[in-house]
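Note that the structure is predicted; figures quoted are calculated from it, not measured. Hydrogens, waters and symmetry mates play no part in the numbers below; they use all other heavy atoms, side chains included.
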Amino acid sequence: MAVSHRGAISFGMVHIPVGLYTATQDNDIHFNQLCKEDGSRVRYKKVCSGCGKEVGAEDIVKGFEYEPGKYVTLTDSDFEKAKSEKDKAIHILHFAALSELRPIYFDKTYHAIPEQGGDKAFELLRRAMKEENKIAIAKTVMGTKEKLLALIPTDTGILIETLFFADEVKEAPKDPVCQEIGDEELKMAKTLIGAMVKPFEPEQYRDEYREKLWEIINAKIHGNEIVAPKESVISVIDLMEALKQSLAEVKQK
């Protein structure tokens, strides 16, 4: 697996060299766009607006428009020049409780792997955070952007989660209307929740929609007929009655 980013976790005067490796992968089924008439691939070309010629990736540079129609170009070297050693370091700002982070701020997850010479300091940081039940809030520059990070200790390592900045997070368009809830309804809802509590075991879940989509794709490849599943009819019933039926179904399982 290729390293996505290299840096050093800066923890006071301690520097821990690490590599960041992506912790998730895309398992979606991807489709190509085809011409409806003859089934040929629809392709997108990058064309120069000045000369009209198709442009390859090697001939494209980044440009900033400082006035309408006027650009200054930047190379990869220019972006690197903007980074100081402090920028490249994963600089821990402070420690906090994981419960203080709203999930809306989470962006992308990486495995932090200590590099040569950093194993002991890495384990010291991991164990100290784990035993104190704390995470670290840090900053670094990845690519051409500064990133806010959360360093989360696990039983065997450290996960690094990139976070959105506050000005990147949208507020809800409106607050839900607060409704009156009866004591019996609340009690029944809590009972239903209690009856459905079980440990979270990720390996127990699978993408059932993707599996069904693969079945359809394979059926089409072999020229088989595709039968759509029957729609289940959901009747609108009283909230309390719905809770009672749900609880009975859970107990039956």
[X], [atom1] atom: more than 12 neighbouring heavy atoms under 6.0 Å:
| X | atom1 | answer |
| --- | --- | --- |
| F31 | CZ | yes |
| E203 | CD | yes |
| D28 | CG | yes |
| M196 | CE | no |
| D183 | CG | no |
| F200 | CZ | yes |
| D175 | CG | no |
| H94 | NE2 | yes |

Answer yes or no: is there a donor N or O on one side and an acceptor on the other, between the side chain of [X] and the main chain of [Y], under 3.5 Å?
| X | Y | result |
| --- | --- | --- |
| T162 | L149 | no |
| Q204 | E201 | no |
| D59 | V55 | no |

Would you say [X] and [Y] make side-chain contact, with heavy atoms under 4.5 Å?
| X | Y | result |
| --- | --- | --- |
| L34 | V42 | no |
| L93 | K139 | yes |
| Q252 | V250 | no |
| I152 | I158 | no |
| T191 | L247 | yes |
| L101 | I135 | yes |
| I92 | I137 | no |
| I16 | L124 | no |

Chi angles and distances behind the side chain to side chain contact (heavy atoms under 4.5 Å, CB included) call for I217, I29: CA-CA 10 Å; I217 290 171; I29 299 173; 3.9 Å; yes
Over all heavy atoms of both residues, which pair between [X] and [Y] is shortest? Give the atoms and the distance, please.
| X | Y | answer |
| --- | --- | --- |
| P153 | M129 | CG-CB, 3.7 Å |
| F165 | K147 | CZ-C, 4.3 Å |
| V141 | H5 | O-CE1, 3.2 Å |
| K134 | F95 | CB-CB, 4.4 Å |
| V3 | L20 | CG2-O, 3.5 Å |
| T140 | A89 | OG1-O, 3.0 Å |

With the threshold set at 4.0 Å, does a side-chain nitrogen-carboxylate oxygen contact exist between [X] and [Y]?
| X | Y | answer |
| --- | --- | --- |
| R206 | E211 | yes |
| E65 | K70 | no |
| K108 | E161 | no |
| R126 | E123 | yes |

R127 and E131: CA distance, side-chain angles, deciding distance, salt bridge (charged side-chain N to carboxylate O under 4.0 Å, His left out) verdict: CA-CA 6 Å; R127 184 171 170 183; E131 292 188 5; 2.8 Å; yes
Measure the [atom1]-[atom2] distance between [X] and [Y] for me, rounded to the nearest 0.5 Å.
| X | Y | atom1 | atom2 | answer |
| --- | --- | --- | --- | --- |
| E54 | C48 | CD | SG | 12.0 Å |
| K251 | L192 | NZ | CG | 10.0 Å |
| T154 | H111 | OG1 | NE2 | 9.0 Å |
| D207 | L213 | CG | CG | 9.0 Å |
| Y66 | Y71 | OH | OH | 11.0 Å |
| I160 | M142 | CD1 | CE | 8.0 Å |

- prompt: Taking it one step at a time, do L239 and E185 satisfy side chain to side chain contact (heavy atoms under 4.5 Å, CB included)?
  reply: CA-CA 8 Å; L239 177 58; E185 292 172 328; 3.9 Å; yes
field: Distance flag, aromatic centroids of F122 and F11, threshold under 6.0 Å
entry: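 Here the rings of F122 and F11 have centres that are no less than 6.0 Å from each other.
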message: side chain to side chain contact (heavy atoms under 4.5 Å, CB included) for T73 and K62? Distances and angles first, verdict last.
response: CA-CA 6 Å; T73 60; K62 292 183 175 71; over 6 Å; no
